[in-house]
Amino acid sequence: MPQMNMVQAINDALRLEMRKNDKVVVLGEDVGKVGGVFRVTAGLFDEFGDDRVIDTPLSEGGIIGAAIGMALYGLVPVPEIQFSDFIFPAYDQIVSELAKFRYRSGGEYVSKLVIRTPVGGGIRGGHYHSQSPESQFIHVAGLKVVCPTNPYDAKGLLLASIRDPDPVLFFEPKRIYRAAKGEVPEGDYTVPLGKASVLKEGKHVTIVSWGAMVYEALAAAEQAGAQGIDCEVIDLRTLWPLDIDTIIASVKKTGRVVIVHEAPKSCGLGGEIVSLINEKAFLHLEAPPARVTGFDTPFPYTLELEYLPLAHRILPQIVETAQY
Amino acid sequence: MPQMNMVQAINDALRLEMRKNDKVVVLGEDVGKVGGVFRVTAGLFDEFGDDRVIDTPLSEGGIIGAAIGMALYGLVPVPEIQFSDFIFPAYDQIVSELAKFRYRSGGEYVSKLVIRTPVGGGIRGGHYHSQSPESQFIHVAGLKVVCPTNPYDAKGLLLASIRDPDPVLFFEPKRIYRAAKGEVPEGDYTVPLGKASVLKEGKHVTIVSWGAMVYEALAAAEQAGAQGIDCEVIDLRTLWPLDIDTIIASVKKTGRVVIVHEAPKSCGLGGEIVSLINEKAFLHLEAPPARVTGFDTPFPYTLELEYLPLAHRILPQIVETAQY
Amino acid sequence: MSATPTTPSQKPAHDGSAKNGHAPAALVSEEVIRVIRDDGSLDPTWDPKLSDERIVELYSWMVKTRIVDDRLVTLQRQGRIGFHIGSLGEEATILGSAAAARPQDWIFPCYREFGALLLRGMPLQRYIDNMFGNSNDPVQGRQMPDHYTGKPWNFGSVSSPIGTQITQAVGFGWAAKMKKDDLATLVYFGEGATSSNEFHCGANFAGVFKTPTVFLCRNNGWAISVPAARQSASKTFADKAIAYGIRGVRCDGNDLLAVYAATREAIERAARGEGSTLIETLTYRLSGHSTSDDPKAYRKEAEVEAWKSKDPNTRLRGFLEKKGLWSAEKQTALEEQTSNELAECVKVAEKAAPPTLESMFEDVFAELPWHLKEQREQLLKGPRAKGHGH
Amino acid sequence: MSATPTTPSQKPAHDGSAKNGHAPAALVSEEVIRVIRDDGSLDPTWDPKLSDERIVELYSWMVKTRIVDDRLVTLQRQGRIGFHIGSLGEEATILGSAAAARPQDWIFPCYREFGALLLRGMPLQRYIDNMFGNSNDPVQGRQMPDHYTGKPWNFGSVSSPIGTQITQAVGFGWAAKMKKDDLATLVYFGEGATSSNEFHCGANFAGVFKTPTVFLCRNNGWAISVPAARQSASKTFADKAIAYGIRGVRCDGNDLLAVYAATREAIERAARGEGSTLIETLTYRLSGHSTSDDPKAYRKEAEVEAWKSKDPNTRLRGFLEKKGLWSAEKQTALEEQTSNELAECVKVAEKAAPPTLESMFEDVFAELPWHLKEQREQLLKGPRAKGHGH
Ligand SMILES: Cc1ncc(C[n+]2csc(CCOP(=O)(O)OP(=O)(O)O)c2C)c(N)n1
Ligand SMILES: Cc1ncc(C[n+]2csc(CCOP(=O)(O)OP(=O)(O)O)c2C)c(N)n1
Ligand SMILES: [Mg+2]
Ligand SMILES: [Mg+2]
């Protein structure tokens, strides 16, 4: 099996699906000739031409609005937003239109598309090239939200996302675009939406995370293991709808949980998971579900490694939760 | 003391502050000659003229972007967004600019303004005239969020918001614009930001709510009282930063809490409150903190009274939580 | 323009040099297209040469639309429906343009275009069910009245946020162009919507990608209480086309034939691959913005009266009567027939049950995820709300 | 335009009638303003008549800007700073326009305008501290390099989202106008930004409220890899002014005096209450988009070479040398002096400590709320991250 990094795996998925399904089109700023600022769409322009790999004007609202129209027509657009920090000029189209099309038309219209966008910190991008806005989309009913952690999942989840009947936001953790490598099967396969993966089983503390922070969770779990704390590490993969069964099964086993995400703490997805655990496994809780997250400040530049919930910040919380 | 409804109280606050401080300007769609579609700015155009009560083009981005510029200049704009559902074309300016100005400029720039906007359901407005997007703003660091429940608070909180050094989103629950009446002092007073109010003391179950749903919480509390369940009802008033002390003190007393809000459940402010209670009062909890909220669907038209977390839906949860 | 070898206007081809190319024929002319003259004759320059029958048919739809409009306002005043947003005074603009679109062309509505959808064949009952938000409403009472949808008639879905349909219409037509399908899109919006982000995004993409889009800007003078002059300082709304390199056209929006002619030409150009046109129709919103609005608070009765004298229905009726194609009897018959049909539809709609509780949770996603299943069960097992028809 | 009594163009005054008023003098002329002729003489039509000293001074700033730019690219390549976005080839546009603004006029930057801020008096050390994001950086290393701020010099705050500064600049100038202060705003953006929502909102408000705003559109041919022709189908970017009823002007962006003249006129008009002007400067981004970009992947070397022959610095130097105002010696002296000053600043900046951990929590709000106090304590009492300068 070929070794790939995340960028290659996503590129592979796009190419595969575009070959298979001529309704799939890619559009966005700089996605064409130059293949995207992270080169995720590299080579697609040459293979599929200007009509299916489209460099657009600098207008996220135009990209998403037009993609919605294309989708209503029956195409399957896969627009790219250059950084998820720049998705907000299109926020109205996404939350008011894309998320509500099926509902508001009684199922007559479906606007099926997949928005790909790099997410998260770790590349020294400061306020505007580092954010993780997933909860700002999850709160709005009607959108599925996906965030892969490794090349295998990235390809499989992207293929599943494109074929899923609902609109999907596909967040790509840019910190690990090239760092995360692994074997990726050639050809077609999917990783189902809505299913988390248990990366490590354990009996003392459950760690729930996603995206680039999963690696930090794993590192912290390993360090905790050295102290005799056996962690179970869950990679959500699909952020919404949540794989609640996997989370609850784990918490029922461990009674203790630490949630790790990059986004600011307040009203992040972590809080939702804490609440659901309260609803569904309250009597199993041995300690308060805890969150290790980005702080409630804009994302800083110089101090980004202090801001991010890296292993050195996760470990003390694991210990505290384990010893509670 | 004069009796006023919410609309009159807010109008009174605006008039008072505009007389006092010639830096205060009001702008928005239809706020001028006609005094706003809910008539909240009625009469201000006649008193203060076209230069301080400004009918703008149909452009929320323009309204907020220009207001930010005015604020940088030293004015104190109080822009109105006609319905909070229509705030999203300005979302980029609010979350990327307004929320971050002080931080990103090391305190050199402050963009101080108060965005007033009607919020919530109950007027048969369907998807696009009913939403409660508070958590989409709270998640973003740098914004204060206020939501008054009665005319006294509305006036006092608005005056406090205008004088507060930080940008404030002032959500006005339109369902009770005219229905909520009460005595409102003439002249100047403020209700401090960041302080909840305990509307009813009780020892069995804490109910935390805000906006129009506070009246439903009170009604449910009364019905629960008839069944021997003594509820404490907290009206948050300021949604962010939260008055955590009041919440925690109450939960430590009752050990049981029900949070009620109109916004969809997932990643709403309710989830954040549950999580904070877990962090700060876990060992006091006798039952899982519960949420009674809008459903995770777009806001429906015909069935809006089934969608809203009205007293008839709150009461069973109070009972369940009390009996847990 | 100076042309010495080193001026930027002669700069070598970075692709931006297209910006310095030779001006094509003016994108927007000063003309306001008009066909029906005051003396009842037709200006041959733009006469679309519709058959007498077709004109009568379209006139009938203008009348029907107005009757429906009028009745819905009454129903709202009586508290039997929650809301209505109508097209009083804009019938020529709406029916004339919709009629000019070919059947395969898709219409993306703003919110005043129910007449266009009826013209396309939507049964009146379906519309009235939408106004009542009952269980027969294809939208299941999920949206406010007048937020209809009409896929069987190549017609989009109304939503409240101003302008969003514009960009979508551009993308839809663009997709058709990619697939080499012979199809244009006709998108409606008010002059107020030209200030929206979406107008800018949509028109810009239309220009760059030469999409087959007809932008139909109903300049009805007002955006709720904000007059057109406050909306933009551009000389005309059609002039905005220049910013996007598309054609701009103005026409008398109260002249059915002028609107038809302008739209038809734009549709044909679009279909020929010549790109998009922005049409500004000069018309007037004779009613309040919607049933929630009282326009007396912000505009002069004299202005309204002046426009009443240019009522598009009266004008067309005068033209038809002069030609012997219409009469008071025909008018009465049409009005009676429409009223009866309407009364029947209202009766049926009012009797229909409200949407089921379950319907509230459907169509959020293609399949119900666990959390919506749970929420549905909670709602079903709990007590019912008071105050609506359960 | 026909003018029979009932045409819409003669409609009685609903305020929208302003839209049918008499055309003022054309808002955008075809001319591309140029002052420095190839033969070294100045075209008197637009010559701003700057003193020799002033031209030399501005030329010196163009040189300094370029040296700083060049050095920052090197520092980035060496991994000593994280990022730089420069102005290579756009010096005449940036310095010429900034110089034309009066001291009281506020500048709202895009991100390539550090030269303008240096011209206004910001110490070089402050800029370099920002590039290093150290504790002396007024922004406390919170933003990326080149996201400076300059309130003491009537200069705004850089942020990454494209276009947001445009609407803000309009609001700022509008406020000044309300307060009857003699002040205009000069806002920079690239031609790519004309596609943003913000350009549309800002220019529209500027037109409607006649704000004193100078929109300085640097048409440098590219928006990262997207050529100007892909950005808009409008004939020119200046033409977009028509959509907003403001003036549009084009000038040779590599001619310092042309940019100065065009900007100065626009500033003066704004100050006289005559409203806004959109200036399109025809220039070229000689470098990659930023240090993160390799332009070879998407544009031809020949295009770049052709533009190099129009290098604004070289052109102005030629002009000055012909007039005996500049020499190779002066050039060397200036370069040396700047390099030395720069080396000193870099030394200081590199030695400075990173911002304190506490600084991460300040300035979110005027006062630290409880949750940020808690988060700060958590961070302080916990272990430190590896990998940066603590
Ligand atoms: C984004 C947004 N902002 C505000 C509103 C409220 N609103 C509804 S209609 C309207 C005026 C629209 O005017 P125009 O575009 O001229 O259309 P007309 O009603 O005249 O047909 C406004 C402000 C809205 N629906 N959406
Ligand atoms: C809203 C938004 N979308 C995308 C980007 C990424 N981006 C940064 S600069 C740029 C191109 C800007 O081009 P132009 O406006 O012509 O300015 P120039 O860089 O040429 O000076 C893009 C797409 C961004 N910063 N903000
Ligand atoms: Mg209108
Ligand atoms: Mg550019």
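Protein chains get the first letters and strands the later ones, always in sequence-line order, with residue 1 at the start of each.
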Novice: Using modelled atom types only, decide if a donor and an acceptor are shared between the side chain of C/D146 and the backbone of C/I85 within a distance under 3.5 Å.
Specialist: yes
Novice: Side chain, backbone, both or neither: which part of B/F295 has a non-hydrogen atom closer than 4.5 Å to chain C?
Specialist: both
Novice: Below 4.5 Å from any heavy atom of chain C, which atoms of B/P316 appear? Answer side chain, backbone, both or neither.
Specialist: side chain
Novice: C/E358 side chain to C/R376 main-chain N or O, any donor-acceptor pair under 3.5 Å?
Specialist: no
Novice: Side chain, backbone, both or neither: which part of B/Y307 has an atom under 4.5 Å from a heavy atom of chain C?
Specialist: both
Novice: Under 3.5 Å, side chain of C/R285 to main-chain N/O of C/N220, donor-acceptor pair present?
Specialist: no
Novice: If the contact rule is any heavy atom under 4.5 Å from chain C, which residues of residues 121-128 of chain B qualify, in numerical order?
Specialist: B/R124, B/G125, B/G126, B/H127, B/Y128
Novice: Determine, step by step, whether C/T283 and C/T281 satisfy the side chain to side chain donor-acceptor pair (under 3.5 Å) criterion, reporting the C-alpha distance in whole Å, the side-chain angles of both residues, the deciding distance to 0.1 Å, and the verdict.
Specialist: CA-CA 6 Å; C/T283 182; C/T281 68; 5.7 Å; no
Novice: What residue, out of C/A297, C/A223, C/S159, C/G82, has the most heavy-atom pairs lying under 4.5 Å from chain B?
Specialist: C/S159
Novice: Enumerate by number any residue of residues 49-59 of chain B whose heavy atoms lie under 4.5 Å from heavy atoms of chain C; in the absence of such residues, state 'none'.
Specialist: B/D50, B/I54, B/D55, B/T56, B/P57, B/L58, B/S59
Novice: Suppose a student defines contact as a heavy atom less than 4.5 Å from any heavy atom of chain B. Which residues in residues 367-375 of chain C would they list?
Specialist: C/H371, C/L372, C/Q375
Novice: Would you mind telling me which of C/E191, C/E280, C/E113 makes a salt bridge (charged side-chain N to carboxylate O under 4.0 Å, His left out) with C/R218?
Specialist: C/E113
Novice: Do B/E80 and B/F38 come close enough that some side-chain heavy atom pair is under 4.5 Å?
Specialist: no
Novice: Which answer fits C/V226, side chain, backbone, both or neither, if we ask what part of it has an atom under 4.5 Å from a heavy atom of chain B?
Specialist: both
Novice: Please lay out, stage by stage, how C/F114 and C/F155 fare under the test ring-ring contact (aromatic ring centres under 6.0 Å, His included).
Specialist: CA-CA 10 Å; C/F114 71 90; C/F155 196 95; over 10 Å; no
Novice: Set out, in order, the CA-CA distance, both residues' side-chain angles and the distance that settles ring-ring contact (aromatic ring centres under 6.0 Å, His included) for B/Y91 and B/F137, then state yes or no.
Specialist: CA-CA 9 Å; B/Y91 196 65; B/F137 295 95; 5.3 Å; yes
Novice: Looking only at atom types and distance, does a side-chain atom of B/E216 sit under 3.5 Å from a main-chain N or O of B/A311, one as donor and one as acceptor?
Specialist: yes
Novice: Given that the side chain runs from C-beta out, which part of C/S292 has a heavy atom under 4.5 Å from chain B: side chain, backbone, both or neither?
Specialist: neither
Novice: Can you tell me how far the CD1 atom of B/I115 sits from the CD atom of B/Q93, to the nearest 0.5 Å?
Specialist: 10.0 Å
Novice: Can a salt bridge be assigned to the pair B/E304 and B/R175 using a cut-off of 4.0 Å between side-chain N and carboxylate O?
Specialist: no
Novice: Tell me if a side-chain donor or acceptor on C/R112 pairs with a main-chain N or O of C/S87 at a distance below 3.5 Å.
Specialist: no
Novice: Do the two ring centres, one from C/F237 and one from C/F189, sit under 6.0 Å apart?
Specialist: no
Novice: Can you tell me if CD on B/E222 sees more than 12 non-hydrogen neighbours from other groups inside 6.0 Å?
Specialist: no
Novice: Heavy-atom distance under 4.5 Å to chain B: side chain of C/I224, backbone, both or neither?
Specialist: both
Novice: Walk me through whether C/E198 and C/T167 qualify under side chain to side chain donor-acceptor pair (under 3.5 Å).
Specialist: CA-CA 6 Å; C/E198 300 296 330; C/T167 332; 2.4 Å; yes
Novice: Let me know if B/Q82 has heavy atoms under 4.5 Å from chain C in its side chain, its backbone, both or neither.
Specialist: side chain
Novice: Please answer whether the main-chain N or O of B/Q131 pairs with a side-chain N or O of B/S84 as donor and acceptor at a distance below 3.5 Å.
Specialist: yes
Novice: Is there any residue in residues 130-144 of chain C with a non-hydrogen atom under 4.5 Å from a non-hydrogen atom of chain B, and which ones are they?
Specialist: C/F132, C/G133, C/G141, C/R142, C/Q143, C/M144
Novice: Does any N or O in the side chain of C/T93 come within less than 3.5 Å of the main-chain N or O of C/E90, such that one atom is a donor and the other an acceptor?
Specialist: no
Novice: Between C/T74 and C/Q78, is there a side-chain donor-acceptor contact under 3.5 Å, judged purely by atom types and distance?
Specialist: no
Novice: From the options B/L218, B/I318, B/V214, select the one residue that forms a side chain to side chain contact (heavy atoms under 4.5 Å, CB included) with B/I207.
Specialist: B/I318
Novice: Report the C-alpha separation of B/N5 and B/Q8 in whole Å, then their side-chain angles, then the decisive distance to 0.1 Å, and conclude whether the side-chain contact (heavy atoms from CB on, under 4.5 Å) test is met.
Specialist: CA-CA 5 Å; B/N5 62 27; B/Q8 293 163 330; 3.3 Å; yes
